[in-house]
Amino acid sequence: MKNFLKIFLLATITSCSSADMDLEPLNGPTSGTFPASYEEGRMGLFAAYRNLSTIDAASTPIWHVMDNITDIGYARPGTNYTSPITSSITTTNALTIKPWEIHYKTIARCHAVLDKLDGIAGLTAAQKAELGSELRFVRAYAYSQLIELYGDVPLIKSSVTLENANVARTPVTEIQQFIIAELGAVAPQLPISQSQYGNVRASRIAALMLKARVELYSKQYAAAAITSKQALDAAAGVYSLTPFNASVNFAGKDHTVGEPDPSNIFGHTGFSTSKEWIWVAEFNKNVPGYLHNQQYYAASRLGKGVCYWGPTQNLIDSYEMTDGLSILESPLYDNTNPFKNRDPRLDMYAVRPHSRYLGYQFEPHTSFTKVNNYWSAGAPTQVTNADATNAYRSFSGYLWRKVVDLADFNTTSVSGNSDLNVGIFRLSELMLIYAEAKIESNQLDNSVYDMINQIRLRAKMPALPTGMSQAQLRKALRYERKVELANDGLRWYDIRRWGIANNVMNGYLYLNRNGNNWTKSVLTGFDESANPIYNHSQASASFSTQQVVYTPNKDEYWPIPQSEMDANLLLKQNPGY
């Protein structure tokens with residue numbers, strides 16, 4: 001609902017876009033009186049929501065950056081994105097600075113209203129509950145991100161002044177319990193759904209989902225199972241998985257057949273109509289500065305993009321065959337056509353050689369000097385293959401399909417500016433939170449299979465076999481999180497909380513920038529978390545590599561920005577920095 005926040009955001013941007021409302025204007029809110037009314041309270045609330053969407057890297061919202069500094073995604077090599085995967089990120093890296101600064105700015109915006117909520121004249125009980133519950137939700141979300149990225153951080157529960165701005169770090173466990181208690185308190189005050197506002201505002205399901213996520217991440221598995229079940233029960237009949245559209249039939253086939261297109265879930269249409277979305281970050285071209293360049297950075301060279309991010313070979317090799325077996329086990333796997341009969345999510349979420357992307361045949365191998373342009377009426381025309389010759393073509397040999405909407409490329413180009421929304425919470429993740437919590441608490445009942453199988457069946461994959469052990473279900477769950485939530489921004493957190501980052505981020509990432517052929521002999525197996533294990537001598541003959549380094553007791557967290565250390569002498573730096 002692109003017009004929902006427009007008026008309020010315009011007012012907020014001009015009146016209270018920062019904490020420096022020092023002057024006393026003749027009209028509008030001031031730092032001394034704000035908020036003086038319900039409408040001004042809403043302005044503050046919407047400013048807090050808006051602030052979350054400003055965390056980006058390479059003009060891409062943070063949610064679609066994080067997977068590209070893990071084992072499943074790769075960014076164009078450079079200091080900002082190579083350093084996080086080589087244990088060399090610094091206290092002055094923009095990637096580490098932005099989340100700290102913006103999350104705390106968001107928290108400050110929440111406090112600007114929360115601190116004065118009781119004093120707003122004429123505020124009804126319902127209005128107070130609305131503002132208070134949503135602001136506390138936003139604050140809880142900001143803290144949930146801070147502790148995952150930085151560990152212990154200052155827990156600030158009200159506005160600070162220059163006199164009390166220095167605050168020491170609070171233990172993660174204490175902040176986790178604060179978040180859990182806050183969400184437990186506000187969830188009953190929130191409506192089940194906020195779909196009438198395009199899901200850009202917090203709902204009861206969103207609050208319960210965040211609570212369950214924090215419980216899961218903090219290994220409170222029994223509690224996470226209970227909370228996620230409450231959320232799923234309340235969501236019944238309101239939220240549902242959205243079937244892939246007919247373009248799923250193009251998965252596994254070549255460019256001559258058609259273009260896979262997941263926009264009915266992840267595009268403009270999906271954010272408007274899909275019942276899968278629980279909470280969404282809104283962008284709006286009608287509001288100044290309320291855009292991003294995500295599609296430009298994700299798109300192919302022929303699609304007029306810059307190929308900044310893309311899946312790794314490690315992710316591509318992870319996708320099962322349509323019989324539910326790995327590429328090493330399945331009789332369906334064909335070395336001469338490695339993308340045939342694969343889990344359809346490979347083609348629905350990623351872009352690989354011989355497929356169609358943004359109206360063009362995608363081929364990174366230089367033998368394809370010309371490729372098909374399908375934008376022309378009638379038979380396709382031939383164009384020079386910039387996706388094989390450009391010096392800044394895809395560095396992994398693959399691209400993400402999930403984060404672009406083909407409708408924005410109807411002129412065969414993209415302006416660089418987009419107001420495609422970004423999903424934060426969706427039902428499939430909630431279902432996997434529940435399944436994981438049940439598995440880890442060893443409650444292996446039919447509901448675990450049901451949650452995972454609904455997601456697999458949506459993807460036209462077979463249901464899991466019954467009678468699986470805890471270890472087998474854990475592996476199946478981790479596979480589903482890897483492939484279903486790919487490029488949703490959760491992998492960075494998953495590999496750390498599972499304790500596998502030291503394995504998957506030490507050694508090599510494999511990249512196929514040149515679109516080479518390979519055989520499954522590059523693999524020796526899959527580990528207990530469904531990650532491919534490579535025969536390095538074989539794999540390096542077919543693929544280029546990126547050496548990755550993970551230092552235990554350091555790379556679990558990012559460093560606190562140096563500017564924050566300089567400003568607050570009570571802060572202590574994370575180990576290793």
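Computed over heavy atoms, backbone and side chain alike; hydrogens, waters and symmetry mates excluded.
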Are [X] and [Y] in a cation-pi setup, meaning NZ or CZ lies under 6.0 angstrom from the ring centre and within 45 degrees of the ring axis?
{"X": "R356", "Y": "F250", "value": "no"}
{"X": "R401", "Y": "Y349", "value": "no"}
{"X": "R458", "Y": "F244", "value": "yes"}
{"X": "R496", "Y": "W492", "value": "yes"}

Looking at E429 and R213, does any basic side-chain N land under 4.0 Å from a carboxylate oxygen?
yes

Between R345 and E480, is there a salt bridge with N-O shorter than 4.0 Å?
yes

Taking all non-hydrogen atoms of both residues into account, name the closest pair between [X] and [Y] and its distance.
{"X": "N93", "Y": "S83", "answer": "ND2-OG, 3.2 Å"}
{"X": "F395", "Y": "P77", "answer": "CD2-CD, 3.4 Å"}
{"X": "L146", "Y": "V153", "answer": "O-CG1, 4.0 Å"}
{"X": "M505", "Y": "D71", "answer": "SD-N, 3.4 Å"}
{"X": "S396", "Y": "G310", "answer": "OG-C, 3.6 Å"}
{"X": "Q176", "Y": "I147", "answer": "CG-CD1, 3.7 Å"}

If we ignore hydrogens and angles and just use 3.5 Å, is the side chain of [X] paired with the main-chain N or O of [Y] as donor and acceptor?
{"X": "R139", "Y": "K157", "result": "yes"}
{"X": "E40", "Y": "A36", "result": "yes"}
{"X": "Y150", "Y": "W100", "result": "yes"}
{"X": "N421", "Y": "F271", "result": "no"}
{"X": "Q313", "Y": "L509", "result": "no"}
{"X": "D67", "Y": "L490", "result": "yes"}
{"X": "D387", "Y": "P364", "result": "no"}
{"X": "K116", "Y": "F34", "result": "yes"}
{"X": "Q194", "Y": "A202", "result": "yes"}
{"X": "S195", "Y": "G198", "result": "no"}

Stepwise side-chain hydrogen bond (donor to acceptor under 3.5 Å, both in side chains) check, S240 with K275:
CA-CA 5 Å; S240 59; K275 293 183 178 180; 5.6 Å; no

Measuring from atom [atom1] of [X] to atom [atom2] of [Y], what distance do you get when rounded to the nearest 0.5 angstrom?
{"X": "I455", "Y": "S428", "atom1": "CD1", "atom2": "OG", "value": "5.5 Å"}
{"X": "N487", "Y": "M66", "atom1": "CG", "atom2": "CE", "value": "11.5 Å"}
{"X": "Y398", "Y": "R513", "atom1": "OH", "atom2": "CZ", "value": "14.0 Å"}
{"X": "I69", "Y": "Y81", "atom1": "CD1", "atom2": "OH", "value": "9.0 Å"}
{"X": "N264", "Y": "T269", "atom1": "CG", "atom2": "OG1", "value": "8.0 Å"}
{"X": "I97", "Y": "I55", "atom1": "CD1", "atom2": "CD1", "value": "13.5 Å"}

Are any of the side-chain heavy atoms of [X] and [Y] separated by less than 4.5 Å?
{"X": "E134", "Y": "V138", "value": "no"}
{"X": "I205", "Y": "L430", "value": "yes"}
{"X": "V65", "Y": "D56", "value": "no"}
{"X": "Y357", "Y": "P260", "value": "no"}
{"X": "L346", "Y": "I316", "value": "yes"}
{"X": "V371", "Y": "F362", "value": "no"}
{"X": "P84", "Y": "L95", "value": "yes"}

Can you list the steps and then say if E130 with Y38 is a side-chain hydrogen bond (donor to acceptor under 3.5 Å, both in side chains)?
CA-CA 10 Å; E130 172 197 345; Y38 170 61; 2.7 Å; yes

The ring-ring contact (aromatic ring centres under 6.0 Å, His included) partner of F425 among W63, W279, W277, Y239 is W279

With a 6.0 Å cut-off on ring centres, are H292 and F283 close enough?
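Between F283 and H292, which both carry aromatic rings, the centre distance is below 6.0 Å.
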
Do [X] and [Y] meet the criterion of a side-chain donor-acceptor pair at a distance under 3.5 Å?
{"X": "E282", "Y": "Y197", "result": "no"}
{"X": "H255", "Y": "Y374", "result": "yes"}
{"X": "Y104", "Y": "E564", "result": "no"}
{"X": "S318", "Y": "K482", "result": "yes"}
{"X": "N51", "Y": "T106", "result": "yes"}
{"X": "W400", "Y": "N68", "result": "yes"}
{"X": "D408", "Y": "Q295", "result": "yes"}

Checking side-chain hydrogen bond (donor to acceptor under 3.5 Å, both in side chains) for the pair Y360/E259: CA distance, chi angles, key distance, verdict?
CA-CA 9 Å; Y360 294 91; E259 180 164 349; over 6 Å; no

Please assess L432 against M451 for the test side chain to side chain contact (heavy atoms under 4.5 Å, CB included), listing each intermediate value before the final yes or no.
CA-CA 7 Å; L432 293 174; M451 289 296 107; over 6 Å; no

Among E148, E436, E215, find the residue that satisfies the salt bridge (Lys or Arg N to Asp or Glu O under 4.0 Å) test when tested with R497.
E436

Could you check whether the rings of F137 and Y141 sit parallel, tilted or perpendicular, using 30° and 60° as the cut-offs?
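The rings of F137 and Y141 lie parallel, inter-plane angle below 30°.
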
Check the pair W309, Y74 against ring-ring contact (aromatic ring centres under 6.0 Å, His included), reporting the backbone distance first and the verdict last.
CA-CA 6 Å; W309 323 97; Y74 189 64; 10.0 Å; no

Intermediate values then yes/no, side chain to side chain contact (heavy atoms under 4.5 Å, CB included), C307 and L399
CA-CA 7 Å; C307 307; L399 294 169; 4.0 Å; yes

Give the C-alpha distance, both sets of side-chain angles, the deciding distance and a yes or no for side chain to side chain contact (heavy atoms under 4.5 Å, CB included) between Y479 and R456.
CA-CA 11 Å; Y479 170 81; R456 289 178 65 83; 3.8 Å; yes

Step by step, work out the side chain to side chain contact (heavy atoms under 4.5 Å, CB included) result for R478 and D494.
CA-CA 9 Å; R478 292 183 180 186; D494 283 352; over 6 Å; no

Single hit among V238, I192, I278 for side chain to side chain contact (heavy atoms under 4.5 Å, CB included) with S203:
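Result: among V238, I192, I278, I278 is the only option passing the side chain to side chain contact (heavy atoms under 4.5 Å, CB included) with S203.
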
